[in-house]
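Count residues from 1 along the sequence. For ligands, and for the atoms within them, numbers begin at 1 and follow the listed sequence.
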Amino acid sequence: MSERCTILIIEDDKYIANFLAVSLQKHGYTVLVADTAASGLFYYTSNHPDIILLDLGLPDRDGLEIISELRQHDTLPILVVSARGQEFEKIEALDLGADDYITKPFHMGELLARVRVAERSLLTRSSPQPASPIYRNRCLTVDFDRHVVQIDDQDVHLTPIEFKLLQLLIKHEGKVLTHRFILREVWGYESADTSNVRVFMASLRRKIEKNSASPQLIVTEVGVGYRLTDSEPV
Ligand code: CA
């Protein structure tokens with residue numbers, strides 16, 4: 001992509017904001033920096049950024065409120081970059097509609113990889129054609145038209161639920177999906193009991209991972225959910 005997108009950083013820690021801004025600019029992104037929720041929302045409405053990097057601990061408002069406010073009318077990728085390590089907050093941010101969550105301190109390489117995932121999702125959001133009916137990621141091939149899943153060119157039989165799970169993971173490749181989100185999307189209901197997700201994810205893994213003790217495709221985000229590994233090498 002020659003014309004890279006505009007990223008709004010909402011972060012009150014000047015050192016981190018500056019580090020992010022410089023690194024992203026070096027990679028060709030246009031960057032806006034806001035140090036309060038109020039100025040962040042002002043930049044959002046006046047500059048129409050493509051992606052938001054959001055700190056949760058802001059001086060004037062809670063970052064979680066910003067997520068739910070933006071999600072009422074906008075689907076732009078929101079990546080939470082926060083020092084707060086608590087799992088419940090991570091889950092709440094994702095459930096409110098954040099696209100991803102990165103805990104400080106982070107490696108810039110990891111952050112850039114997540115930004116690229118967000119950037120690619122922008123392309124698929126705006127393209128009118130459906131994504132390719134053939135999906136490839138490492139040893140895995142999925143032919144959506146024929147409903148065929150293969151590992152190293154060998155057919156693998158998936159149950160309808162396992163296939164839906166895999167389809168959901170592929171749709172959100174590279175993003176962490178919470179147990180509750182998966183439950184809602186695959187089973188169609190909300191519940192605090194997410195044991196179904198774990199059970200079916202385990203059976204899916206047994207079928208598509210070469211070594212389920214060290215999965216290459218479906219990665220567990222402990223206490224949060226699952227992520228399908230990015231198919232493009234990072
Ligand atoms: Ca902060």
Gly57 backbone or side-chain N/O/S under 3.0 Å from the Ca ion (ligand 1): yes
Regarding Asp13 and Lys104, does a basic nitrogen lie under 4.0 Å from an acidic carboxylate oxygen? no
Is it the case that the side chain of Arg227 and the backbone of Val219 share a donor-acceptor pair, with hydrogens and angles ignored and the cut-off at 3.5 Å? no
Do you see an N/O/S atom of Glu11, backbone or side chain, under 3.0 Å from the Ca ion (ligand 1)? no
Sub-4.5 Å side-chain heavy-atom contact between Leu54 and Val81: no
Just wondering, is there an N, O or S atom on Asp55 that's nearer than 3.0 Å to the Ca ion (ligand 1)? yes
Is a donor on one side and an acceptor on the other found under 3.5 Å between the side chain of Thr194 and the backbone of Val197? no
Identify, by name, the N, O or S atom of Asp12 lying closest to the Ca ion (ligand 1). OD1
